[in-house]
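Notes to accompany the following structure.
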Amino acid sequence: VQLQASGGGLVQAGGSLRLSCVASGRAFSNYALAWFRRAPGKEREFVAHASWDGSATYYGDFLQGRFTVSRDNAKNTGYLQMNYLSTEDTAVYFCAAGTDYYTNYNDRFYSKAYDYWGRGTQVTVSS
């Protein structure tokens, strides 16, 4: 499956953005969806995960309820709604897809669980 993330941009602190991830090539509903991010000088970090049907969602501990992951399988699209953005959210955001099955509960929080990756979209939050 091919993934294309979009929706990034420049926003002031406290603002909102919605990222989209459009899938093509294979049935999007076969896969779990995840968002990761990489800030300058930092390692890639788990942001959010949605199960294949969106019924189960998981978030990075740092989010404190500010982001919401969702998906519309009929449109082959996943979303990441980001509210109350801070300068610490500045990063390249990637969407990823992988089989929605995990040997260990925590596997879904690591990038190795996902076989397909989009190219990323830059989010810059100004103070």
Side-chain angles (χ1 to χ4, degrees):
V1 62
Q2 291 80 45
L3 303 174
Q4 179 63 54
S6 63
L10 175 64
V11 64
Q12 287 189 329
S16 300
L17 280 175
R18 187 176 81 156
L19 305 183
S20 298
C21 178
V22 178
S24 61
R26 294 186 180 180
F28 185 50
S29 59
N30 287 345
Y31 303 98
L33 166 72
W35 290 91
F36 287 79
R37 70 184 186 183
R38 176 171 285 165
K42 296 186 178 181
E43 295 186 353
R44 186 162 47 187
E45 177 179 42
F46 169 79
V47 176
H49 167 107
S51 62
W52 70 273
D53 61 352
S55 64
T57 57
Y58 305 86
Y59 296 93
D61 292 339
F62 63 91
L63 287 178
Q64 299 179 333
R66 297 183 298 121
F67 293 6
T68 303
V69 61
S70 62
R71 62 190 298 163
D72 184 340
N73 286 342
K75 296 182 178 180
N76 291 328
T77 304
Y79 304 97
L80 183 68
Q81 177 67 43
M82 305 187 295
N83 298 325
Y84 304 107
L85 286 161
S86 74
T87 56
E88 296 182 350
D89 295 317
T90 294
V92 178
Y93 285 72
F94 301 89
C95 60
T99 302
D100 198 5
Y101 173 77
Y102 309 98
T103 303
N104 298 303
Y105 173 86
N106 288 334
D107 287 350
R108 59 176 53 84
F109 305 133
Y110 295 94
S111 57
K112 65 181 180 180
Y114 303 93
D115 299 313
Y116 307 100
W117 291 80
R119 295 183 63 180
T121 184
Q122 176 71 47
V123 172
T124 303
V125 185
S126 63
S127 58

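Being a predicted model, the structure only gives us computed values, none of them experimental.
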Steps toward side-chain contact (heavy atoms from CB on, under 4.5 Å) verdict (Phe67, Leu85): CA-CA 9 Å; Phe67 293 6; Leu85 286 161; 3.9 Å; yes

Check: [Y] and [X] side chains under 4.5 Å, non-hydrogen atoms:
X	Y	result
Ser126	Leu10	yes
Phe109	Tyr102	no
Asp100	His49	yes

In this structure, would [X] and [Y] fall into the same cluster of hydrophobic residues linked by side-chain contacts under 4.5 Å?
X	Y	answer
Tyr59	Tyr93	yes
Val69	Val1	no
Trp117	Val92	yes

Determine whether more than 12 heavy atoms belonging to other residues, nucleotides or ligands lie under 6.0 Å from atom [atom1] of [X].
X	atom1	result
Tyr84	OH	no
Arg26	CZ	no
Phe62	CZ	yes

Phe36 six-ring centre to Arg38 NZ/CZ under 6.0 Å and within 45° of normal: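 Negative - Arg38 is either too far from the ring of Phe36 or too far off its axis.
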
How far does [atom1] of [X] sit from [atom2] of [Y], to the nearest 0.5 angstrom?
X	Y	atom1	atom2	value
Phe28	Asp72	CZ	CG	9.0 Å
Glu45	Asp61	CD	CG	9.5 Å
Glu43	Ser111	CD	OG	9.5 Å
Ser20	Gln4	OG	CD	10.5 Å
Leu80	Leu63	CG	CG	8.0 Å

Nearest heavy-atom pair of [X] and [Y]: which atoms, and what distance?
X	Y	answer
Tyr79	Leu33	N-CD2, 4.3 Å
Gly60	Phe46	N-CE2, 3.6 Å
Gln122	Ala91	NE2-O, 3.4 Å
Cys95	Leu3	O-CD1, 3.7 Å
Arg66	Asp89	NH1-OD2, 2.7 Å
Val125	Thr90	N-OG1, 2.9 Å

For Tyr31, which of Tyr101, Trp52, Tyr116, Tyr114 qualifies under ring pair (Phe, Tyr, Trp, His ring centres under 6.0 Å)?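 The option that passes is Tyr116.
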
Does [X] reach the main-chain N or O of [Y] with its side chain, forming a donor-acceptor pair under 3.5 Å?
X	Y	answer
Thr57	Ala50	no
Arg71	Gly54	no
Asn104	Asn106	no

Test log, rule side-chain contact (heavy atoms from CB on, under 4.5 Å), inputs Met82 and Val123: CA-CA 10 Å; Met82 305 187 295; Val123 172; 3.8 Å; yes

